[in-house]
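Presented below is the structure to which this report refers.
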Amino acid sequence: MSASDVPDTLLASHNGNEAGRAWIAALPGQVAEYLEKWNLAPDGEVASGEASLVVPVLRADGERAVLRFQMPKEETRAALLGLRIWDGSGIVRLLDHDPANCTMLLERLDGSRTLASVADDDEAMGILADLLRQLTAVPAPEGLRGLGEIAAEMLDQAPQAVSALTNPADQRLLRSCAAAVADLVDEPGDRLLHWDLHYGNVLAGEREPWLAIDPEPLAGDPGFDLWPALDSEWDAVVATGDPIRVVHRRFDLLTGALGLDRERAAGWTLGRVLQNSLWDVEDGATSLAPSQVAMAQAMLERL
């Protein structure tokens, strides 16, 4: 692999600072190093998103796998920790890793088949619910960032975000989200959360029909893990003409499968709406995104 083989998407996302450019420059050497270190043979074209490089490989015994390279930072180390603890239960299996720079050797899944390819939404949501049940059954390890800390930070930031919104209805909705979080902040939970489990982060596999990928582990209440699933394929949800009805159906399916208290789960889902909206305001938004409004309205009806 040469520098010219690094995908443009990855180059663009790391070109804004010196550390990112240095990491990109070192990538070809790292690929060569780990191919040799773990006795791997390249087996296809490299791929990437904005954060990581994925190299399809064959192990010495012929097993298909992928090398994954990502800049070492808090969330990368958390992902590595989560993958080690889950050990393939409901999620892609970690075959080897280097804790020094977070390089991972992972089982290979079918990147061309996500859970969005399942036509029946109830079936797809049932599959995702089963994976989420397996993942959140695991206690979070010591040292992982916790929902209590995140929730407290959100509550501190909420008043300023409310004042940045120009629509009084949006302001009232964001205050309602903050109030729901304030009611729950003292009981943040202790489960190991994926934090980003939506249809696009579930791939077809051989060991299991479907497995989760790309975790962003966090210690907390499983209710905080529902929003990405509820928001999956949002354009298709809107196209039904009644997105709140779809959200309610998905929410009832997920909370039933996971055995969650629905009022508590609705409160933590409002916490995700708050979190997303805080990020949007930070990026300059002066109104709530329509998807966040619909999600908040659906959850307030469940409280």
Side-chain angles (χ1 to χ4, degrees), residues 47 49 64 66 82-83 86-93 106-138 191-218 220-266 268-270 272-273 276 289-292 294-299 301-302:
R64 301 191 313 153
V66 295
L83 288 170
W86 281 311
D87 192 25
S89 178
I91 199 163
V92 63
R93 175 162 284 153
L106 301 165
E107 72 174 306
R108 197 188 309 182
L109 306 179
D110 185 352
S112 68
R113 288 183 60 212
T114 73
L115 196 53
S117 65
V118 175
D120 184 278
D121 190 62
D122 284 350
E123 179 184 355
M125 194 58 58
I127 292 168
L128 190 149
D130 183 61
L131 297 177
L132 199 56
R133 179 186 55 77
Q134 294 179 64
L135 298 174
T136 59
V138 178
R191 299 290 93 184
L192 183 54
L193 308 183
H194 183 287
W195 207 0
D196 196 26
L197 193 59
H198 53 79
Y199 286 176
N201 273 345
V202 178
L203 298 182
E206 295 180 0
R207 176 173 58 87
E208 296 288 347
W210 299 98
L211 290 164
I213 62 167
D214 290 350
E216 300 178 21
L218 174 74
D221 189 293
F224 197 67
D225 239 4
L226 302 186
W227 176 84
L230 297 172
D231 188 69
S232 286
E233 299 293 299
W234 186 254
D235 287 345
V237 173
V238 172
T240 67
D242 193 352
I244 290 181
R245 179 185 61 81
V246 176
V247 170
H248 282 165
R249 192 185 74 239
R250 288 177 166 185
F251 179 81
D252 291 346
L253 191 157
L254 287 168
T255 53
L258 274 68
L260 301 182
D261 177 278
R262 286 181 173 163
E263 184 172 349
R264 184 179 182 85
W268 279 124
T269 302
L270 288 169
R272 289 297 289 264
V273 173
N276 295 333
S291 61
Q292 303 303 331
M295 191 70 68
Q297 290 173 342
M299 292 303 103
E301 291 179 10
R302 279 294 187 261

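Heads up: numbering here begins at 1 and tracks the sequence.
Across all non-hydrogen atoms, the minimal contact from Leu192 to Pro217 is CD1-CB, 3.9 Å. Closest approach of Ala129 to Leu258, counting heavy atoms only: O-CD1, 3.5 Å. Contact between Gly256 and Arg262 at its shortest, heavy atoms only, is N-NH2, 4.0 Å. Shown here for Ala265 and Thr255, the closest heavy-atom pair between the two residues is CB-CG2, 3.9 Å.
With sequence neighbours left out, the side chain to side chain contact (heavy atoms under 4.5 Å, CB included) criterion links Ala289 to Asp280, Ser291, Gln292. Evaluation of the side-chain hydrogen bond (donor to acceptor under 3.5 Å, both in side chains) rule for Asp261 yields no partner, not counting sequence neighbours. Annotation: salt bridge (charged side-chain N to carboxylate O under 4.0 Å, His left out) contacts of Arg113 (sequence neighbours excluded): none. Residues forming a side chain to side chain contact (heavy atoms under 4.5 Å, CB included) with Ala229 (at least two apart in sequence, or on another chain): Met125, Leu128, Leu254. Looking at residues two or more places apart in sequence or on another chain, you find no salt bridge (charged side-chain N to carboxylate O under 4.0 Å, His left out) involving Arg191. Under the side chain to side chain contact (heavy atoms under 4.5 Å, CB included) criterion, Thr114 pairs with Ala116, Leu203, sequence neighbours left out. Looking at residues two or more places apart in sequence or on another chain, you find no side-chain hydrogen bond (donor to acceptor under 3.5 Å, both in side chains) involving Ser117. Among residues two or more places apart in sequence or in another chain, the side-chain hydrogen bond (donor to acceptor under 3.5 Å, both in side chains) test is passed with Arg108 by Asp43. Residues passing the side-chain hydrogen bond (donor to acceptor under 3.5 Å, both in side chains) test with Arg133, sequence neighbours excluded: Asp130.
Using a 4.5 Å heavy-atom threshold, the side chains of Leu226 and Trp268 count as separate. Counting only heavy atoms from C-beta outward, the side chains of Arg93 and Leu211 never approach each other to under 4.5 Å. When side chains are defined from C-beta on, Leu193 counts as touching Thr136, because their heavy atoms get closer than 4.5 Å. No side-chain heavy atom of Pro222 sits under 4.5 Å from any side-chain heavy atom of Leu132.
In this structure a side-chain-to-backbone donor-acceptor pair under 3.5 Å is missing from Trp227 to Val273. Of the possible donor and acceptor atoms, one in the side chain of Arg250 sits under 3.5 Å from a partner among the backbone N and O of Ser232. With Asp225 contributing its side chain and Trp195 its backbone, the two residues share a donor-acceptor pair below 3.5 Å. In this structure, the side chain of His194 engages the main chain of Ile213 through a donor-acceptor pair within 3.5 Å.
The structure places CG of Leu253 at 14.0 Å from NE2 of His248, a figure rounded to the nearest 0.5 Å. Atom CZ of Phe251 and atom CE of Met299 lie 5.0 Å apart (nearest 0.5 Å). Atom OG1 of Thr269 sits about 9.5 Å away from atom CG of Asp221, to the nearest 0.5 Å.
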Check the pair Ile91 / Gln134 against side-chain contact (heavy atoms from CB on, under 4.5 Å), numbers first and verdict last.
CA-CA 9 Å; Ile91 199 163; Gln134 294 179 64; over 6 Å; no
For Val66 and Val92: C-alpha separation, side-chain torsions, deciding distance, then whether side-chain contact (heavy atoms from CB on, under 4.5 Å) applies.
CA-CA 11 Å; Val66 295; Val92 63; over 6 Å; no
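Screening residues 197-208 for side chain to side chain donor-acceptor pair (under 3.5 Å) gives Arg64-Glu206, Glu107-Arg207, Asp121-Tyr199, Asp196-Asn201, His198-Asn201 as the qualifying pairs, with residues at least two apart or on separate chains.
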Counting only pairs under 3.5 Å, give me each side-chain donor-acceptor contact of residues 234-245, with atom names and distances, residues two or more places apart or in other chains.
from, atom 1, to, atom 2, distance (Å)
Thr240, OG1, Val237, O, 2.6
Thr240, OG1, Asp242, N, 3.3
Asp242, OD1, Arg245, N, 3.3

